[in-house]
Number of protein chains: 2
Amino acid sequence: MKSPSHCTGTDDDQARQWDTREGCEVRQILDRVADKWSLLVIALLDRRTLRFTELRREIDGVSQRMLTVTLRQLERDGLVHRTVHPVVPPRVDYRLTPMGATLHHTIQALVAWTEDHQDKIAAARAEYDQREGEARSA
Amino acid sequence: MKSPSHCTGTDDDQARQWDTREGCEVRQILDRVADKWSLLVIALLDRRTLRFTELRREIDGVSQRMLTVTLRQLERDGLVHRTVHPVVPPRVDYRLTPMGATLHHTIQALVAWTEDHQDKIAAARAEYDQREGEARSA
DNA sequence: CGGCATCCCTGCTGATACTG
DNA sequence: CAGTATCAGCAGGGATGCCG
């Protein structure tokens, strides 16, 4: 691996400039966004502030452990803001930071692309699977 | 889970419209893109057609197994085209399909976002880690 | 309510060896 | 060269139980 912490390569290969697996910010952010739950959390929080339990209920399928872990990661990256209200019973609110909001906005482009192409992808898969099926039986 | 195969929710929650974990195209494509090697392969192939070994050498760190798996997935999704030349020794060329090229283009926005914000994220992390460190020692 | 600690299990990944 | 097949190791994630 070339650049441990930053991606600005002294490397002549431009593609390697922004991704050579580890130590690259792109990789880390991408992993965060593509995380099973992060994207959904971001999408939910973009709409409005939510409490822990509300998120848990909305997402439906997430374990409390993973929701906590996900929120901590997002908080650490400065994408989500966590507010603890010193009341009893405890109340913790989560909201997107401005940076988190811009990330969500950026992600929408990818979501839009997926929606535009999901039919073509499904078709490509079907075709591929059929080709492979024939190849095996032949 | 609500919509097994498609994401057009009858659900009133709009966020759930495009992601409720499984069965959603967005999730699958996102997983593909965020895959450890897929993004790099796409980036490399966007520049020019490459052979298997060339990709292997360029990526540096990928096992031949994972490169194969990655390429098969991308091929199945119709993002990469595979050309087998019936010669000896074998020669297999990989190139981006038009759809793959548009995906790469879309991804660039996310990469750009990451580059724009990586300093802020690093700062957020440092601040968070320090806060936590103090909290534990206090 | 919100969260952390523990245990455990699945599956992804890498290493290795073999084939057309 | 370009794979496929097999095996083993480890991390991710769920389930459970306990605290503030």
Side-chain angles (χ1 to χ4, degrees), chain A residues 1 20-22 27-28 30-41 44-45 49-76 80-95 128 131-132 135-136 138, chain B residues 1 21-22 27-28 30-41 44-45 49-76 80-95 128 131-133 135-136 138:
Chain A
M1 270 19 67
T20 310
R21 291 187 52 228
E22 315 152 21
R27 172 90 278 131
Q28 294 179 30
L30 206 53
D31 284 345
R32 185 111 316 146
V33 170
D35 184 78
K36 207 172 178 183
W37 311 111
S38 288
L39 180 63
L40 195 43
V41 167
L44 250 23
L45 291 183
T49 295
L50 290 170
R51 308 179 51 170
F52 185 87
T53 308
E54 289 175 322
L55 279 168
R56 185 147 163 54
R57 186 169 33 239
E58 290 276 6
I59 293 182
D60 164 84
V62 69
S63 65
Q64 141 266 44
R65 168 176 153 67
M66 287 318 295
L67 182 55
T68 302
V69 170
T70 299
L71 288 167
R72 285 295 176 281
Q73 288 175 334
L74 292 172
E75 185 194 1
R76 190 173 105 98
V80 161
H81 185 76
R82 179 167 173 266
T83 311
V84 181
H85 301 277
V87 298
V88 33
R91 177 194 178 97
V92 180
D93 284 340
Y94 291 95
R95 63 176 173 80
Y128 180 91
R131 276 207 312 270
E132 291 309 294
R136 262 195 302 277
Chain B
M1 269 17 70
R21 292 188 51 229
E22 315 152 20
R27 170 92 279 130
Q28 293 179 31
L30 206 52
D31 284 345
R32 184 114 314 144
V33 169
D35 184 78
K36 205 171 178 183
W37 312 110
S38 288
L39 181 62
L40 196 43
V41 167
L44 251 21
L45 292 182
T49 295
L50 290 170
R51 307 180 51 172
F52 185 86
T53 307
E54 289 175 322
L55 278 168
R56 186 148 165 48
R57 185 171 31 241
E58 290 276 7
I59 292 182
D60 163 84
V62 69
S63 65
Q64 137 267 47
R65 169 170 155 48
M66 287 317 294
L67 182 55
T68 302
V69 170
T70 300
L71 288 168
R72 286 291 179 282
Q73 289 175 335
L74 292 172
E75 185 194 1
R76 190 172 106 97
V80 161
H81 186 75
R82 181 167 171 265
T83 310
V84 181
H85 301 278
V87 298
V88 34
R91 178 196 177 93
V92 181
D93 285 340
Y94 291 94
R95 62 176 173 80
Y128 179 92
R131 276 208 312 270
E132 292 307 296
R136 261 194 303 277

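No experiment lies behind these values; they were computed from the predicted model shown. Only heavy atoms go into these numbers, but all of them, side chains included; no hydrogens, no water, no symmetry mates. Chain identifiers are assigned alphabetically (A, B, ...) following the order of the sequence lines, protein sequences preceding nucleic acid strands; residue numbering begins at 1 within each chain.
Proximity of B:Y94 to the phosphate of D:dG3: a side-chain N or O atom is located under 4.0 Å from OP1 or OP2. For the pair B:K36 and C:dC12, the criterion of a side-chain N or O lying under 4.0 Å from OP1 or OP2 is not met. The side chain of B:R72 contributes an N or O atom lying less than 4.0 Å from OP1 or OP2 of D:dT4.
Side-chain proximity of B:T68 to the nucleotides D:dC1, D:dT4, C:dG3 is greatest for D:dT4. The side chain of A:W37 lies closest to D:dG14 when the candidates are D:dG14, C:dT13, D:dA2. Of the listed nucleotides (D:dG20, D:dG3, C:dG3), C:dG3 has the atom at the smallest distance from the side chain of A:F52.
Contact check of residues 80-89 of chain A against DNA chain C (heavy atom, cut-off under 4.0 Å) returns A:R82, A:P89.
Atoms CE and CG, from A:M66 and A:D35 in turn, are 6.0 Å apart once rounded to the nearest 0.5 Å. Once rounded to the nearest 0.5 Å, the distance linking CZ of A:R72 with CZ of A:R76 reads 13.0 Å. Distance check, rounded to the nearest 0.5 Å: CG of A:L55 to OG1 of A:T70 gives 10.0 Å.
With rounding to whole Å, A:L55 atom CG is found 15 Å from C:dC1 atom P. A straight line from CG of B:D31 to P of D:dG13 spans 11 Å, rounded to a whole angstrom. The distance from atom CE of B:M66 to atom P of C:dT13 is 4 Å, rounded to the nearest whole Å. With rounding to whole Å, B:L71 atom CG is found 14 Å from D:dC1 atom C1'. Rounded to whole Å, the distance from CG on A:L67 to P on D:dA15 is 14 Å. Rounded to an integer number of Å, the gap from B:E75 CD to D:dA2 P is 14 Å. Separating the CG atom of A:L74 from the C1' atom of C:dG3 is a distance of 16 Å, rounded to the nearest angstrom.
Checking side-chain atoms of B:R32 against main-chain N and O of B:L39 turns up no donor-acceptor pair under 3.5 Å.
Applying the side-chain hydrogen bond (donor to acceptor under 3.5 Å, both in side chains) rule to A:R56 yields no partners; only residues at least two apart in sequence or on another chain are considered. For A:R91, the salt bridge (Lys or Arg N to Asp or Glu O under 4.0 Å) partners two or more places apart in sequence, or in a different chain, are A:D93. Judged as a salt bridge (Lys or Arg N to Asp or Glu O under 4.0 Å), and not counting sequence neighbours, B:R51 has no contacts. Partners of B:R65 under the salt bridge (Lys or Arg N to Asp or Glu O under 4.0 Å) rule, at least two apart in sequence or in another chain, do not exist in this structure. Partners of A:R82 according to the side-chain hydrogen bond (donor to acceptor under 3.5 Å, both in side chains) rule, which considers only residues two or more places apart in sequence or in another chain, are A:Y94.
Note on B:R56: nothing from the nucleic acid sits closer than 4.0 angstrom, heavy atoms only.
In plain terms, the two heavy atoms of B:S38 and B:L74 that are nearest each other are OG-CD2, 4.2 Å.
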When you compare the protein's N or O atoms with those of nucleotides 16-19 of chain C, which come within less than 3.5 Å of each other, and at what distance?
| unit_1 | atom_1 | unit_2 | atom_2 | d |
| --- | --- | --- | --- | --- |
| C:dA17 | N6 | B:Q64 | NE2 | 3.3 |

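The nearest heavy atom of DNA chain D to A:P90 and to A:D35 marks one nucleotide each, and the one closer to the 5' end goes with A:D35.
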